[in-house]
Amino acid sequence: MRLEPIADPSPMRRVLPVVIALAATVILAGFLALVSGSDPMAVLGLIVKGAVGSKFAALETLNRATPLIFTGLAIAVAFRARLWNIGAEAQLYAGALVTVLLGTGALPLPAPVLIPVMALGAIVAGAAMLVGPALLKLRLGVDEVVTTLLLNFVMLLFISMLLEGPLKDPMGMGWPKSAPLLKEARLPRIVSGLRLHWGFGLALIAALAVWLLDRHTVAGFEMRAVGAGETAARFAGIRVPRVVIRTAVLSGGLAALAGFSEVAGLKGNLTLDLSPGYGYTGIVVAMLAGLNPLGVVLSALFVAAIFVGADSMSRAAGVPTYIADMLLAFALLAMVLALTMTRYRLRRA
Amino acid sequence: MSGTAPKSRPVALRLDGITKRFGAVLANDAISLEVAQGEVLALLGENGAGKTTLMNILFGHYTADQGRIEVLGEALPAGQPRAALDRGVGMVHQHFTLAENLTVLDNLLLGTRPLFGLRLNRGAARARIAALAQDFGLAVDPDARVADLSVGERQRVEILKALYRKARVLILDEPTAVLTPQEAEALFATLRHAVAQGLAVIFISHKLHEVIGIADRVVVLRHGRVVGEVAVADTDPARLAAMMVGAEIRSPAIPTVAEGAVALRLERVATQGFHPDLVNASLDLVAGRITGLAGVSGNGQGALAALIAGLAVPVAGRFQIGGRDIPDWSPLAAIGQGVARIPEDRHHAGTIGDFTLTENAVIERLRDPRFSRHGWIDWRAARRHAEGLIYGYDIRCSGPDARIRLLSGGNMQKLILGRALEESPAIILANQPVRGLDIGAVRFVQERLLAARARGAAILLISEDLEEVMALSDVIHVISDGRLSPQFPRGSMSAADLGLWMAGQGFDHAA
């Protein structure tokens with residue numbers, strides 16, 4: 001068996017494998033429900049209902065998708081340039097940390113000034129988290145997979161230390177959490193009365209901006225070129241180290257915005273459970289999207305819907321929420337395979 | 001039409017109606033041929049004629065859609081390299097398949113013994129190798145590490161490996177591409193030994209004079225079909241070439257061009273980090289002149305090409321362009337100084353496979369105001385530029401949005417050439433510009449280089465094909481182990497003279 005590239009895939013060829021992959025995921029969900037002793041159709045129905053079945057559910061899904069769009073974009077940008085950033089989790093927390101530091105009274109500024117300053121601070125912190133590993137990779141050839149992955153644990157322990165010590169909320173009844181943000185530091189809601197904050201809007205803008213950068217600017221072209229053919233890129237006069245650093249700044253900054261948006265838009269303070277692994281799930285989101293910035297929005301919505309839907313279903317039907325993780329893992333495998341099949345055909349050798 | 005072996009000798013290998021299709025492309029179209037024991041059959045054809053596909057089918061890497069293969073009268077099961085080896089089909093690839101850190105002996109044993117056997121029995125193997133080396137005139141030290149051997153010696157090890165596995169049919173894919181003329185002579189002597197022992201040899205080559213020198217019969221492939229089959233005694237290079245391309249061909253005429261100033265000068269330059277590095281290399285590239293660099297591959301061409309392309313900086317000596325020292329040398333500086341670069345590896349250095357023609361066409365010049373303003377790319381201008389190249393350089397493709405991976409090597413090269421030459425460069429680095437191209441594309445590339453020369457460009461032509469260097473160059477330098485010979489004007493040296501320099505002789509007296 002061998003794979004042969006297809007010169008010009010037909011529209012059918014592009015769409016059909018993806019549809020099959022989604023269908024296979026649904027069938028697997030039913031099977032898992034059956035294994036846990038429930039009615040498959042009922043469980044599927046509950047997942048869909050829990051994700052988009054009501055205004056509350058849909059808004060919850062959009063809220064959950066927000067940090068995933070940011071981390072998904074962060075991963076997509078980095079992976080396109082072959083910078084293997086596994087540390088979006090650390091960058092997210094770096095962004096959240098700076099948001100809390102600036103937003104709890106350190107800067108007495110009005111909201112229209114304070115919020116952009118907080119966002120910028122978060123971006124700088126997240127970028128710094130990734131520039132270090134990028135420099136090590138460029139100068140000493142240190143594998144960034146290892147450094148960025150390990151930094152996640154360093155960052156989490158550092159935050160834990162801060163929350164038990166200097167950042168601990170004196171009014172927090174002893175819980176390890178930071179003081180709440182000032183009112184001026186909170187992201188407003190998009191429509192008053194609806195539980196959806198401007199972080200979501202910012203995420204959509206970020207996706208559009210990354211897409212424009214990717215397709216229409218020299219900087220984006222250079223990032224793609226370094227990822228798709230570093231030797232050729234260097235030969236063509238592209239300054240590869242500079243591009244890698246630029247990619248690190250962008251990727252780290254985007255991941256940090258996830259932390260900023262979660263703290264300033266949703267939670268209002270910093271805790272150790274701010275992110276249930278958004279940095280890692282961002283990898284799934286980016287891969288599902290084929291590293292396409294606009295695709296990231298769709299895949300983040302899809303992933304968020306599965307999580308939110310599975311949460312709600314498990315409360316109603318008593319099926320464990322682990323089903324969401326299994327579904328995501330399977331959806332990813334099926335989708336990667338499907339995306340391969342849109343570009344290659346299988347032939348018997 | 002099919003190639004038939006002389007009736008007097010038993011047939012070693014028979015291919016019957018081999019057909020192989022890749023998508024819409026018919027790579028092999030009902031190819032039939034025979035090779036007799038004790039015969040050298042040359043397989044001649046342009047790139048893309050189907051030679052490699054045919055050999056891959058024979059060796060079991062591909063399965064033919066139709067047709068059958070017989071080795072010594074027995075049908076060969078399709079798609080099993082192991083079966084091909086067991087029946088006595090041996091192949092010497094263009095790129096050697098030896099384990100460099102093992103000795104010659106261990107390389108020969110590799111794969112011939114059961115994986116979990118306890119004893120290697122090197123003694124018996126050693127004796128057989130000695131006997132084989134004796135019979136075929138293949139002198140190689142069995143205890144030498146392959147990494148320490150020259151290219152010619154490694155090729156001998158490859159042949160010995162095939163013979164050790166009791167090959168009855170020996171296939172050599174472009175065996176002389178990496179050899180000096182002297183080493184090639186030694187190879188031919190070995191092959192004559194081999195056929196005298198009853199081996200059948202299939203010799204794949206582009207080089208007409210070699211085919212005539214070694215083969216008994218020639219089968220010519222074109223567009224996947226057998227278009228001609230002649231006994232070597234009845235033909236000559238011009239007629240073979242005509243068969244290959246379907247038309248008479250001529251060598252390009254080289255008009256006289258007034259030489260200009262020195263465009264690029266190396267003075268006792270050394271590099272660092274290459275194997276081998278340039279040592280004490282002096283070279284002038286003069287406007288309106290093609291400077292040829294002859295040499296066996298891996299003798300410092302890489303270092304020189306990298307230096308001129310901007311990928312390496314000199315660590316000693318002077319490096320001048322247009323009479324001025326260049327302080328910060330880089331690919332970007334090279335492009336800025338008007339150095340057009342045609343890289344050796346068009347797949348990795350020259351193009352990005354998953355990028356479109358348009359993207360590849362502008363990659364070196366994207367920051368030009370022609371193609372971008374304030375960092376925003378003007379894709380319409382870029383596309384127009386790509387369309388201009390497609391038209392002006394006759395690039396066969398489905399359009400400027402096609403991924404370049406899908407183009408043939410010749411068309412890829414035309415894009416690289418066009419991208420470089422459209423900028424009217426003062427200096428051109430052409431590193432193996434026609435390697436692997438079919439004759440039509442070779443002519444095209446050479447004509448464009450000659451046109452650039454007439455315009456007054458200073459051209460450095462690096463090639464392992466001595467014939468090409470001698471045909472096109474105004475002056476020739478020979479490179480050997482990182483050293484550059486003095487320049488020899490056109491016609492002052494014979495191929496044999498240059499061959500001696502390529503083997504490293506002459507440097508001690510000169511320099």
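Being a predicted model, the structure only gives us computed values, none of them experimental. Labels below follow one simple rule: chain letters A, B, ... track the order of the sequence lines, proteins then strands, and each chain is numbered from 1.
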**Asked** Given a strict heavy-atom distance threshold of 4.5 Å, which part of A:Glu230 is in contact with chain B: side chain, backbone, both, or neither?
**Response** neither
**Inter-chain contacts: residues 363-381 of chain B against chain A, heavy atoms under 4.5 Å** = B:Ile363, B:Glu364, B:Leu366, B:Arg367, B:Ser372, B:Gly375, B:Trp376, B:Ile377, B:Trp379
**Message:** Can you list the residues of residues 337-348 of chain B that sit under 4.5 Å from chain A, counting heavy atoms only?
**Reply:** B:Arg341, B:Pro343, B:His348
**Fill in**
Within residues 236-245 of chain A, the residues sitting under 4.5 Å from chain B by heavy atom, in sequence order, are A:Ala236, A:Gly237, A:Ile238, A:Arg239
**Item:** Per-residue contacts, residues 137-148 of chain A versus chain B, heavy atoms under 4.5 Å
**Value:** none
**Heavy atoms of other groups near A:Arg82 CZ, more than 12 under 6.0 Å** = no
**A:Met287 atom CE, over 12 foreign heavy atoms within 6.0 Å** = no
**Asked** How many angstroms lie between CD1 in B:Ile352 and CZ in A:Phe221, if you round to the nearest 0.5 Å?
**Response** 6.5 Å
**Item:** Part of B:Ala349 lying under 4.5 Å from any heavy atom of chain A
**Value:** both
